[in-house]
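As structure tokens, the structure follows; a few thoughts come after it.
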Amino acid sequence: MAAAEPLVKDSSPIALPGLARALVSAGKLPAKTAEDIYQKSLSGRTSFIAELTGSGAVSAADLAHTLSSAFGAPLLDLDAIDSQRLPKDLLDPKLCQAYRVVVLSKRNNRLIVATADPSDQQAAEKIKFASQMGVDWVIAEYDKLSRMIEAAAVSASETIDSIIGTEFEFDEVSADTSSESNDPAVAEVEDAPVVRFLHKMLLDAFSMRASDIHFEPYEHNYRVRFRIDGELREIASPPTVIKDKLASRIKVISRLDISEKRIPQDGRMKLKIGPERVIDFRVSTLPTLFGEKIVIRILDPSSARLGIDALGYDADEKERLLTAIGRPYGMVLVTGPTGSGKTVSLYTCLNLLNKPGVNIATAEDPSEINLPGVNQVNVNDKAGLTFATALRAFLRQDPDIIMVGEIRDIETADISIKAAQTGHLVLSTLHTNDAPTTLTRMRNMGIAPFNIASSVILITAQRLARRLCTVCRTPTEVPRQALLDAGFKDSDLDGSWKPYHPVGCSACNSGYKGRVGIYQVMPITEEIQKIILRDGTSLDIAKQSEAEGVRSLRQSGLRKVMQGLTSLEEVLAVTNE
């Protein structure tokens, strides 16, 4: 009898959820597949429906049609619904996110609720209890439902309560409009709905971890988009009539000229949250055909204090960088496109170097992160304070470390190199595709090879890739040849790891949450110096650096795939080989 017990236990059927049973009964899913997916959802602590659609066993559209027939509930295409017109106060948004539902309307004493899983009795009971109303299900496709839930902005009051539970206001230092208090244009932009809308957008962006806010006017519509984890997502479509008032309100707070609408302007503003928390915003306006487009960059001072380990450097890359910034003189360059995290990398280095016995000066356009103990200068070309002018002044201020926001011209490059050659550590950025091309770019700017070889000690090229959500990521099968084509070596494909695939859940943004850095850290060795001195090409430098163990951006990204930090698709999208 004892020997037979395991057989009895193994043969007992698994208690599948109602959704799985409905699909098996409808012939859309084999029972064995349903059991495997359900077991996977249990072990990964994800929902069965997320695992089901993520695996590709049943498409979201096919699933919705099957459940509509099986449960006799109407089917609705959410793409035809204006999410901004849906009722906001009938059900707690947190409950909607937890159970992946959207309230469509109220009829008598019943809520019309969109769901992808009408078999979820727990969700129905929770909604009934919270609303004290009955529930009528409407079937929606899971992917469209998830997008609508994720796009729903959290209310300003809930956002601020969750952050600090106190009042908020624009910092008076940044919103000094006393000199314009009698201006009718200023009075107009104090319009209460516009003020509340702007406050809500700023706070929602901060709570959703957005890096930028885009206010975009068009002929027949006006939209607001947030850049979250590197991707732009449409958040709101306010009436077009508010575009001028909203632009003027932002310009007043940023101390820009509200009467000037013909040329671009740049400014800053601060939002004070409680007595000790202040968020900085950088504002850029641009005249377009149908009004001023405004982009607000959210500057988080805490990002510079996360430490070098939080940036995503591998151990050998971290050691090379720390060795370089630990030297008393020379030039360290960080390269990459706009939005690749160069400023955060530089400030992380400065934070490590910022000690009482060190004099640090920075020239930036503009200064993005306030770092106590560092002498920061905002470049102002109109006033004659250029990067070159600031650098000349720094050299008369007995500096130990100099940070230049960006080397844009030969004059700035020349002074920076002379500073690096005369006992100063210089940190700066350039816009190039990778580390080897940085040296040829400097040569093309007109800098002599000898000056490059004798001053530059390390170049870091970087990109930001979206980080996989650890809650819902799932292993996936990728053909061996596809992995080899992507850049993996035969030795990498030893079966000890599997690539992960984004799924999407209530805790993330379409399967991703946050970003991770991909780096190419290239020290300038004697052999690379010889190539520079003989005016070699970037291909020659890349070949030599690879021989010295420097990984390319693609190779570095593939290591992040092996570590399960990001997906292969993401690495292929942000790197180029």
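The basis for the numbers below is simple: all heavy atoms, side chains too, and nothing from hydrogens, waters or symmetry mates. Sequence positions, counted from 1, serve as the residue numbers for this chain.
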Enclosure of Glu260 CD (heavy-atom neighbours >12, cutoff 6.0 Å): yes
Spatial distance of atom CG (Leu425) from atom CG (Asp400) [nearest 0.5 Å]: 9.5 Å
Quick one: does NZ or CZ of Arg233 land under 6.0 Å from the six-membered ring centre of Phe226, within 45 degrees of the ring axis? no
Given 3.5 Å as the limit, does a donor-acceptor pair link the side chain of Ser556 with the main chain of Ser552, or not? no
Okay, side chain of Asn359, backbone of Asp398: is any donor-acceptor separation there less than 3.5 Å? yes
Measuring only between side-chain heavy atoms, which start at C-beta, is Met269 closer than 4.5 Å to Val283? yes
OG1 of Thr288 to CD1 of Ile294, rounded to nearest 0.5 Å, is 10.0 Å
Are any of the side-chain heavy atoms of Glu406 and His431 separated by less than 4.5 Å? yes
Taking all non-hydrogen atoms of both residues, which atom of Glu317 and which atom of Val521 are closest, and how far apart? CB-CG2, 3.7 Å
Taking Ala453's backbone N and O only, do any of them form a donor-acceptor pair with Gln529's side chain (distance below 3.5 Å, no angle check)? yes
4.5 Å side-chain heavy-atom contact, Phe387 and Val404: yes
Rounded to the nearest 0.5 Å, what separates atom CG in Asn375 from atom CE in Met403? 12.5 Å
Backbone N or O of Ala363 within a donor-acceptor pair of the Gln376 side chain at under 3.5 Å? no
Lys342 side chain vs Gly336 backbone, donor-acceptor pair below 3.5 Å: yes
May I ask you to decide whether Arg320 forms a salt bridge with Asp316, counting only side-chain N to carboxylate O separations under 4.0 Å? yes
Can you confirm whether Pro337 sits close enough to Arg463 that some side-chain heavy atom of one is under 4.5 Å from a side-chain heavy atom of the other? yes
For the pair Thr386 and Thr389, evaluate side chain to side chain donor-acceptor pair (under 3.5 Å) and give the outcome as yes or no after the intermediate values. CA-CA 5 Å; Thr386 62; Thr389 307; 2.9 Å; yes
Got a sec, which residues hit side chain to side chain contact (heavy atoms under 4.5 Å, CB included) with Phe488, two or more places apart in sequence or on another chain? Leu483, Asp492, Leu493, Trp497, Leu558, Val561, Met562, Leu568
Should Thr476 and Tyr500 count as side-chain neighbours, where that means a heavy-atom distance under 4.5 Å? no
At their closest point, which heavy atom of Thr412 faces which heavy atom of Ile407, and how far apart are they? CG2-CA, 4.4 Å
Any chance you could measure Lys293, atom NZ, to Lys243, atom NZ, to the nearest 0.5 Å? 14.5 Å
Please walk me through it: do Arg554 and Leu572 pass side chain to side chain contact (heavy atoms under 4.5 Å, CB included)? CA-CA 8 Å; Arg554 171 64 62 83; Leu572 296 179; 3.6 Å; yes
Search all heavy atoms of Val516 against all heavy atoms of Gly312 and return the closest pair with its distance. CG2-CA, 4.3 Å
Any sub-3.5 Å donor-acceptor pair from Lys355's side-chain atoms to Leu352's backbone N or O? yes
Do Phe290 and Tyr218 have ring centres separated by under 6.0 Å? no
Quick check: are there more than 12 heavy atoms from other residues, nucleotides or ligands sitting under 6.0 Å from CZ of Arg327? no
Applying side chain to side chain donor-acceptor pair (under 3.5 Å) to Asp414 and Asn451, what does each step give before you reach the verdict? CA-CA 9 Å; Asp414 189 48; Asn451 284 332; 4.9 Å; no
Minimum heavy-atom distance between Ser416 and Leu391, given as atom pair plus value: OG-CD1, 3.4 Å
Check whether any side-chain heavy atom of Ile528 lies under 4.5 Å from a side-chain heavy atom of Ile524, and answer yes or no. yes
Report the C-alpha separation of Tyr222 and Leu246 in whole Å, then their side-chain angles, then the decisive distance to 0.1 Å, and conclude whether the side chain to side chain contact (heavy atoms under 4.5 Å, CB included) test is met. CA-CA 11 Å; Tyr222 187 63; Leu246 187 59; 3.5 Å; yes
Taking 4.0 angstrom as the limit, do Asp490 and Arg480 come out as a salt bridge? yes
Under-4.0 Å salt bridge between Arg282 and Asp266: no
So that I can tick it off, tell me whether Glu411 and Arg392 are bridged by a salt bridge, with the cut-off set at under 4.0 angstrom between side-chain N and carboxylate O. yes
Side-chain contact, heavy-atom cut-off 4.5 Å: Pro217 with Glu292? no
Using the rule given for side chain to side chain donor-acceptor pair (under 3.5 Å), can you reason through Glu364 versus Thr362, listing the C-alpha separation, both sets of side-chain angles and the distance that settles it, and then say yes or no? CA-CA 6 Å; Glu364 302 162 82; Thr362 74; 2.8 Å; yes
Quick one: CD on Gln481 to CG on Asp485, what's the gap to the nearest 0.5 Å? 4.5 Å
Using atom types as modelled and distance alone, determine if a side-chain donor or acceptor of Thr285 lies under 3.5 Å from a backbone N or O of Gln265. yes
Salt bridge between Asp212 and Arg225, side-chain N to carboxylate O under 4.0 Å? no
For Arg443, is there an ion pair with Asp535 - N to carboxylate O distance below 4.0 angstrom? yes
Answer yes or no: is there a side-chain heavy-atom contact under 4.5 Å between Ser345 and Tyr519? yes
Pair Glu546 + Arg551, salt bridge at N-O below 4.0 Å: no
What's the shortest heavy-atom distance between Thr566 and Arg466, and which atoms? OG1-O, 2.7 Å
Verify whether one side chain among Tyr512 and Ser567 offers a donor that lies under 3.5 Å from an acceptor in the other. yes
Residue pair Lys513, Thr470: steps toward the side chain to side chain contact (heavy atoms under 4.5 Å, CB included) verdict: CA-CA 8 Å; Lys513 187 175 184 180; Thr470 55; over 6 Å; no
Under 3.5 Å, is there a donor-acceptor pair between the Gln462 and Thr335 side chains? no
Might you confirm whether atom CD of Glu548 has over 12 heavy atoms from other residues, nucleotides or ligands at distances under 6.0 Å? yes
Working to the nearest 0.5 Å, report the span between CG of Asp314 and CD of Glu319. 12.5 Å
Cationic N near anionic O, under 4.0 Å, Arg209 to Asp229: yes
Side chain to side chain contact (heavy atoms under 4.5 Å, CB included) between Thr460 and Leu333: does it pass, once the steps are laid out? CA-CA 6 Å; Thr460 294; Leu333 294 172; over 6 Å; no
Quick check against the 3.5 Å criterion: does Thr440 have a side-chain atom that pairs as donor or acceptor with the backbone of Thr437? yes
Verdict with reasoning, Gln544 to Asp540, per side chain to side chain donor-acceptor pair (under 3.5 Å): CA-CA 6 Å; Gln544 178 60 34; Asp540 297 330; over 6 Å; no
For Ala205 and Ile298, the nearest pair of non-hydrogen atoms, with its separation, is CB-CD1, 3.6 Å
